[in-house]
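The sequence lines fix the lettering, A, B, ..., with proteins before strands; numbering per chain opens at 1.
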Amino acid sequence: MRELKKAVRMAMLLVLAFIAMKLFRIVASEMEE
Amino acid sequence: MREIHAYVDSVYAGTGGKGKEIEELKEEMKRHLIDAVHELKLTGKSEQEAAASAIERFGGEKELRSIVWQLFGAQRLFAKWVLYGALAFLLICSVATGTYWTYEVNNGKENKAIAATIQSLLAGESTISEEAETEISQLVGATEQLSLVRIFKMSDVRQSAGSDGDIVMQYRPDMAQPAYAYERAIWDEEWKDFYYAFNDSEWFIHLKARQYSTAFDVVFIGGLSAYWVLFAIWAMVNAYHQRRLTPGWAAAFILGNVLGYAVFQLAWSVERRRGAIA
């Protein structure tokens, strides 16, 4: 159970990191134009 | 033909010339101008003269640039500020969450430390001395968040409950009289109770600490919603500029936000690759 919780938390962190990266790139490209 | 390219680029400068729509318009404008140059050259003009005449015929650079900017620049600027607004709300939200979370964690740590100090003050004692009472009230009074401390004899709050063969121990401070209580008036519209029962201790401690969770919920949910809506609007404006806005994509932006937009971009690159192969 603890392992599963750890894996879910890790997956959520990865998704959050992806969203943050995507948002950063969107804003960077908007500033460039 | 360098003059023609420079002219068209200057007309569209500052409109965010990377969009597909603008690229297409630029190409079309260039085609018209180049055709005009070819025609003028047939009448005996040099290439430079022909280019200058074609540009003059098309309209003054300043006038045209202002029309193009009005058409596309204003839209791009609107989209840009919508995105910046979304980002501002997200930042406010993140900072508020971080600050509040730190505040709660620090308060939690302080409460636990105070309970441990009270515990060590009373260790081995069977009654609470006046000296200890003063010290406890000073400890609680020095904090920002505690409005109440109640200290119970463990034997008063610990009760066994449950049916035969299934007896569990439970703490019922609501059913007992405290051996000592200190209360002070602070603003605590919303509070949380903390109970501490240490191992091998004769004393049970109840602390009441104020919270700001409702105010924080309003800031968090409000800020996040504002970000969500503004980002979805930005994504829709962007998709509209690319002539790819459909109800399906609009739903994807509203429901999926950044993830919806990531899928939208992925679909676009797949489409383009397929187009290039075909």
(request) Answer yes or no: does atom CZ of B/F89 have more than 12 heavy-atom neighbours from other residues, nucleotides or ligands under 6.0 Å? (result) no
(request) Mark yes when over 12 heavy atoms from residues, nucleotides or ligands other than A/R25 sit less than 6.0 Å from its CZ; otherwise mark no. (result) no
(message) Taking atom OH as the centre, does B/Y84 end up with more than 12 heavy-atom neighbours from other residues, nucleotides or ligands that are less than 6.0 angstrom away?
(response) yes
(message) Around atom CH2 of B/W101, are there more than 12 heavy atoms from other residues, nucleotides or ligands closer than 6.0 Å?
(response) no
(message) Checking B/Y227 against A/L23 for the side-chain contact (heavy atoms from CB on, under 4.5 Å) test, could you report, in this order, the C-alpha distance in whole Å, the side-chain angles of both residues, the deciding distance, and whether it holds?
(response) CA-CA 12 Å; B/Y227 153 76; A/L23 202 60; 3.9 Å; yes
(message) For B/A79, which atoms come within 4.5 Å of any heavy atom of chain A: side chain, backbone, both, or neither?
(response) both
(message) With rounding to the nearest 0.5 angstrom, report the CD1 to CG distance, A/I26 to B/L83.
(response) 7.0 Å
(request) Kindly indicate whether the side chain of A/F18, heavy atoms from C-beta on, has any atom under 4.5 Å from the side chain of B/V258. (result) no
(request) Look up atom CD in A/E30 and atom CG in B/N238, then write down how far apart they are to the nearest 0.5 Å. (result) 6.0 Å
(message) Measuring only between side-chain heavy atoms, which start at C-beta, is A/M31 closer than 4.5 Å to B/K80?
(response) no
(message) Is it the case that over 12 heavy atoms from other parts of the model lie below 6.0 angstrom from the CH2 atom of B/W191?
(response) no
(message) Is any side-chain heavy atom of A/F24 closer than 4.5 Å to one of B/L87?
(response) no
(message) Counting only heavy atoms not in B/K192 (residues, nucleotides, ligands), do more than 12 fall under 6.0 Å from its NZ?
(response) no
